[in-house]
Q: 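My questions will all concern the structure given below.
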Amino acid sequence: MKAEEIKKVVLGEKMTIEEFMAVARFHAEVEFSEAYRERVEKSRKIVETCVNEARVVYGTTTGFGALVTKTIGKEDAEKLQRNIILTHSTSVGEPFKEEEVRAIILMVLQSLGMGVSGVRIELLEHYRDFLNRNLIPYTPREGSVGYLCAEGHIAAVLLGEGRAYYKGELSDSKTALCKAGMAPFAPSYKEGLALLNGTSSPTALAAIGIYDLLKAVESADVVAAMSFEMLNGLLRAYDERVLNCRPQKELLETADIIKRMLRGSQVTKKAEGTHVQDPLSLRCIPQLHGAVKKTLRDAWAAIEVEINGCADNPIVCGEPDDPQVFSNGNPDASYVGIEMDSACIAATAAAKMSERRNVRFLDEKLSAHPYFLIKKPGLNSGLMIPQYTQAGLLNDMKILSAPASVDSVTTSANQEDYVSMGYNACKKALSIAEKFEYILAIELLSAYQAQQFVDDSLARGEGTAAVLEVMKDLVPVMEEDIYIYPYLEKLKDWIHDGGLLNSARVVLEK
């Protein structure tokens, strides 16, 4: 089921990325299964035993990071948890979007709901209510190495500190909690650490990023087919005898999509024999898009594992009368970090091909269409400048494609002497996805505008015709220069929301 169709998600069993996005983006209601509650309550009893018996448990009866050698008595164990939230809420700058904060909260619920963190179910019910009542903590997005800082701002609202949005209005957290019918909540043993620890923020951001990136590259197939037709591409390069020489699954799939989009196209048929071979931006669509899809699908699979795991430290196991506590390295965000670094590179590769196809449209020596796809070029600039926008966006994407996960800056007085930097890899994937959507929107606008210069009597492909029919209600054909910006935004949103894919699926799913 698609994310937008899911109205309720019950935590406690394996969650898909579609279900994750149903909560984060589409506000599906969240409930806990009985199994979820039972394992949380059991792990809580184990932590209480450890505190009552004064056992050494990292971050519960000891300090944090390099302060692990400092013993904390039972009388200060709860104050310790409040302190960690207050001092760790140090990310800065502009806040995350609503769906990004919701995703982080959901990931905290997923992680702590595995029943190895020792928190109370009442604590998790408060976070669940944040989601169901759409109370959104003000959460600055800059300055984290993988955990703690953004999560700290969210947890601070639980205490009645910081700020939060309720029904779109930003206020101090106590006011927001009151308006939402909630009250501040005091964390107990280990709970402050558990709320901040793990890979909640990078994994949450990775889930959003991969959801949008995969949709974008699937949309890129549709956009590429539109351009292929209007640039007189040769389907001979997509012959099965050619493709089967290199039987990568995603390559074959992409070629099949292009051919189905162009089924029945008299424009493409007429192009046969007019030239020997196409430029690489047309000839290599299956090869590049296929490679990008493989990379993104590999990332999707890894992230789906991560959203169903717990990256807390320490974890508590055993029984209430036989506690087993393990300090560990699970808060490392390398899995999501390396995957999203790879996803950024893949998406940028697809974007650079989109920009190259668009450039061919705008040069009459390459397209046989008037310069910049406009009548009376010179008096009119037509679609000259949107390609500049593509160039700027693509430059940004190339910068953002530099991997974050290869870097490391030591923290916590060398106790954390290696740092994954997965957070930044996942954060930049969100920006990459948005820029990729804009680049595709600009190519799509050119493919649409080129229609007026191609013989109307020639039938378009079944898929391209279906897309063109919908686009008539979205953008005008430019007879002369117009204010272009609103149409770029409209087409970008159409791609982001899945409208472009839906218009093509009518044909592709036959």
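Everything numeric here is computed off the predicted structure, so don't read it as measured data.
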Q: So if I apply the side chain to side chain donor-acceptor pair (under 3.5 Å) rule between Lys190 and each of Asp312, Asn197, Thr60, which one comes out positive?
A: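 Exactly one pass, corresponding to Asp312.
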
Q: Check step by step if side-chain contact (heavy atoms from CB on, under 4.5 Å) holds for Met226 and Leu500.
A: CA-CA 12 Å; Met226 306 283 291; Leu500 172 62; over 6 Å; no

Q: Give me the ring orientation class for Tyr423 and Phe96: parallel if the planes are under 30° apart, tilted from 30 to 60°, perpendicular past 60°.
A: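 Geometry flag for Phe96 against Tyr423: perpendicular rings.
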
Q: In the structure I gave you, are the side-chain heavy atoms of Lys293 and Lys249 within less than 4.5 Å of one another anywhere?
A: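 Answer no - side chains too far apart.
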
Q: Starting at CG of Leu444, measure out to CD1 of Ile439 and round the result to the nearest 0.5 Å.
A: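 One gets 13.5 Å once the value is rounded to the nearest 0.5 Å.
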
Q: Without swapping roles, check the side chain of Arg133 against the backbone of Gly181 for a donor-acceptor pair under 3.5 Å.
A: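 It does hold such a pair.
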
Q: Would you list the pairs meeting salt bridge (charged side-chain N to carboxylate O under 4.0 Å, His left out) in which at least one residue belongs to residues 487-509, sequence neighbours left out?
A: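 Qualifying pairs: Glu434-Lys492, Glu437-Lys492, Arg505-Glu509.
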
Q: Would you please name every residue forming a salt bridge (charged side-chain N to carboxylate O under 4.0 Å, His left out) with Asp396, sequence neighbours left out?
A: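 Counting only residues at least two positions away or on another chain, Asp396 forms a salt bridge (charged side-chain N to carboxylate O under 4.0 Å, His left out) with Lys435.
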
Q: Hey, mind stepping through Leu195 and Ile154 against side-chain contact (heavy atoms from CB on, under 4.5 Å) and telling me if it holds?
A: CA-CA 9 Å; Leu195 289 173; Ile154 294 171; over 6 Å; no

Q: Is a side-chain N or O of His153 found less than 3.5 angstrom from the main chain of Pro137, in a donor-acceptor match?
A: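 Side chain of His153 to backbone of Pro137: no pair is present.
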
Q: Taking Glu125 first and then Arg37, would you say they form a salt bridge - that is, a charged N and a carboxylate O separated by under 4.0 Å?
A: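 Judged by the 4.0 Å cut-off on N to carboxylate O distance, Glu125 and Arg37 do form a salt bridge.
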
Q: Are the side chain of Asn424 and the backbone of Ala404 linked by a donor-acceptor contact shorter than 3.5 Å?
A: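 No; judged by distance alone, with no hydrogens or angles, the pair does not exist.
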
Q: For the side chain to side chain contact (heavy atoms under 4.5 Å, CB included) test, which of Thr199, Val336, Ile208, Ile210 pairs with Cys426?
A: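 Option passing the side chain to side chain contact (heavy atoms under 4.5 Å, CB included) with Cys426: Val336.
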
Q: Quick one: does Met353's side chain get under 4.5 Å of Glu443's, heavy atoms only?
A: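 In short, these two side chains do not touch, never coming nearer than 4.5 Å.
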
Q: Give, for atom OG of Ser354 and atom CD1 of Ile285, the distance between the pair rounded to the nearest 0.5 Å.
A: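 Answer for the OG-CD1 pair, Ser354 versus Ile285, is 10.0 Å.
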
Q: So if I apply the side chain to side chain contact (heavy atoms under 4.5 Å, CB included) rule between Asn313 and each of Asp332, Leu193, Asn328, which one comes out positive?
A: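 Option passing the side chain to side chain contact (heavy atoms under 4.5 Å, CB included) with Asn313: Asn328.
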
Q: Assess whether atom CD of Glu122 is packed by more than 12 heavy atoms of other residues, nucleotides or ligands within 6.0 Å.
A: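 Correct, the count exceeds 12.
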
Q: Give me the one residue out of Lys7, Glu98, Glu99 that meets side chain to side chain donor-acceptor pair (under 3.5 Å) with His27.
A: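 Only match with His27 under side chain to side chain donor-acceptor pair (under 3.5 Å): Glu98.
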
Q: Cation-pi between Arg163 and Tyr138: NZ/CZ under 6.0 Å from ring centre and within 45° of the ring axis?
A: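 Checked: cation-pi criterion met.
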
Q: Side chains of Tyr166 and Met182, heavy atoms from C-beta outward: is any pair under 4.5 Å?
A: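 No. Closest side-chain heavy atoms not under 4.5 Å.
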
Q: With a 4.5 Å cut-off on side-chain heavy atoms, are Val40 and Leu112 touching?
A: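 The answer is no; the side chains never approach within 4.5 Å.
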
Q: Calculate, to the nearest 0.5 Å, the distance between atoms NZ and CG belonging to Lys398 and Leu394 respectively.
A: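 So the gap between those two atoms works out to 4.5 Å.
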
Q: Give a yes or no on whether Glu78 atom CD has more than 12 heavy-atom contacts from other residues, nucleotides or ligands under 6.0 Å away.
A: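 Yes, CD of Glu78 has more than 12 neighbouring heavy atoms, counting only those of other groups under 6.0 Å.
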
Q: Can you tell whether the side chains of Glu319 and Lys42 come within less than 4.0 Å, N to carboxylate O?
A: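 Yes, Glu319 and Lys42 are salt-bridged.
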
Q: Roughly how far apart are Leu196 CG and Cys149 SG, rounded to 0.5 Å?
A: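 With rounding to 0.5 Å, CG (Leu196) is 9.0 Å from SG (Cys149).
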
Q: For Met107 and Phe20: C-alpha separation, side-chain torsions, deciding distance, then whether side-chain contact (heavy atoms from CB on, under 4.5 Å) applies.
A: CA-CA 9 Å; Met107 193 57 230; Phe20 192 95; 4.2 Å; yes

Q: Does a side-chain heavy-atom distance below 4.5 Å link Leu106 with Val9?
A: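 The answer is no, as the side chains (C-beta and beyond) never meet within the 4.5 Å cut-off.
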
Q: Please tell me if the side chains of Asp129 and Leu135 come closer than 4.5 Å, counting only heavy atoms from C-beta onward.
A: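 Counting from C-beta outward, Asp129 and Leu135 never come under 4.5 Å.
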
Q: Any side-chain heavy atom of Tyr165 sitting closer than 4.5 Å to one from Val101?
A: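 With C-beta onward as the side chain, the pair stays apart.
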
Q: Near Tyr335 OH, under 6.0 Å, is it more than 12 heavy atoms from other residues, nucleotides or ligands?
A: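 It does not: Tyr335 OH has 12 such atoms or fewer within range.
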
Q: Evaluate the criterion side-chain contact (heavy atoms from CB on, under 4.5 Å) for residue pair Lys97 and Arg141; output intermediate values, then yes/no.
A: CA-CA 9 Å; Lys97 296 177 182 177; Arg141 70 194 304 271; over 6 Å; no

Q: Do side-chain atoms of Arg39 reach the backbone of Gly113 as a donor and acceptor pair under 3.5 angstrom?
A: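 At least one qualifying donor-acceptor pair exists.
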
Q: Less than 4.5 Å apart, side chain to side chain, heavy atoms only: is that true for Cys50 and Tyr189?
A: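 No, their side chains stay 4.5 Å or more apart.
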
Q: For a quick check under 3.5 Å, do Ser200 and Glu151 share a side-chain donor-acceptor pair by atom type?
A: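 Side chains of Ser200 and Glu151: no pair found under 3.5 Å.
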
Q: Sequence neighbours left out, what passes salt bridge (charged side-chain N to carboxylate O under 4.0 Å, His left out) with Lys179? Give chain and number order.
A: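 So Lys179 forms a salt bridge (charged side-chain N to carboxylate O under 4.0 Å, His left out) with Glu169.
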
Q: Salt-bridged, Arg25 to Glu4, with N to O below 4.0 Å?
A: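 So Arg25 does not pair with Glu4 through a salt bridge.
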
Q: In sequence, state the C-alpha distance, the side-chain angles, and the governing distance for Glu48 and Arg44, and then conclude on salt bridge (Lys or Arg N to Asp or Glu O under 4.0 Å).
A: CA-CA 6 Å; Glu48 289 174 348; Arg44 180 61 187 176; 3.4 Å; yes

Q: Determine whether a donor-acceptor pair (N or O, by modelled atom type, separation under 3.5 Å) exists between the side chain of Asp221 and the backbone of Thr254.
A: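 Absent.
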
Q: What pair of heavy atoms forms the shortest contact from Ile495 to Ala441, and how long is it?
A: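 Smallest heavy-atom distance, with atoms named: CD1-N, 3.6 Å.
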
Q: With a cut-off of 6.0 Å (strictly less than), are more than 12 heavy atoms of other residues, nucleotides or ligands near CD of Glu53?
A: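 It does: Glu53 CD has more than 12 such atoms within range.
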
Q: Would the distance check show the side chain of Lys2 and the main-chain N or O of Glu18 forming a donor-acceptor pair, the cut-off being under 3.5 Å?
A: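 Side chain of Lys2 to backbone of Glu18, a donor-acceptor pair under 3.5 Å: no, none is there.
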
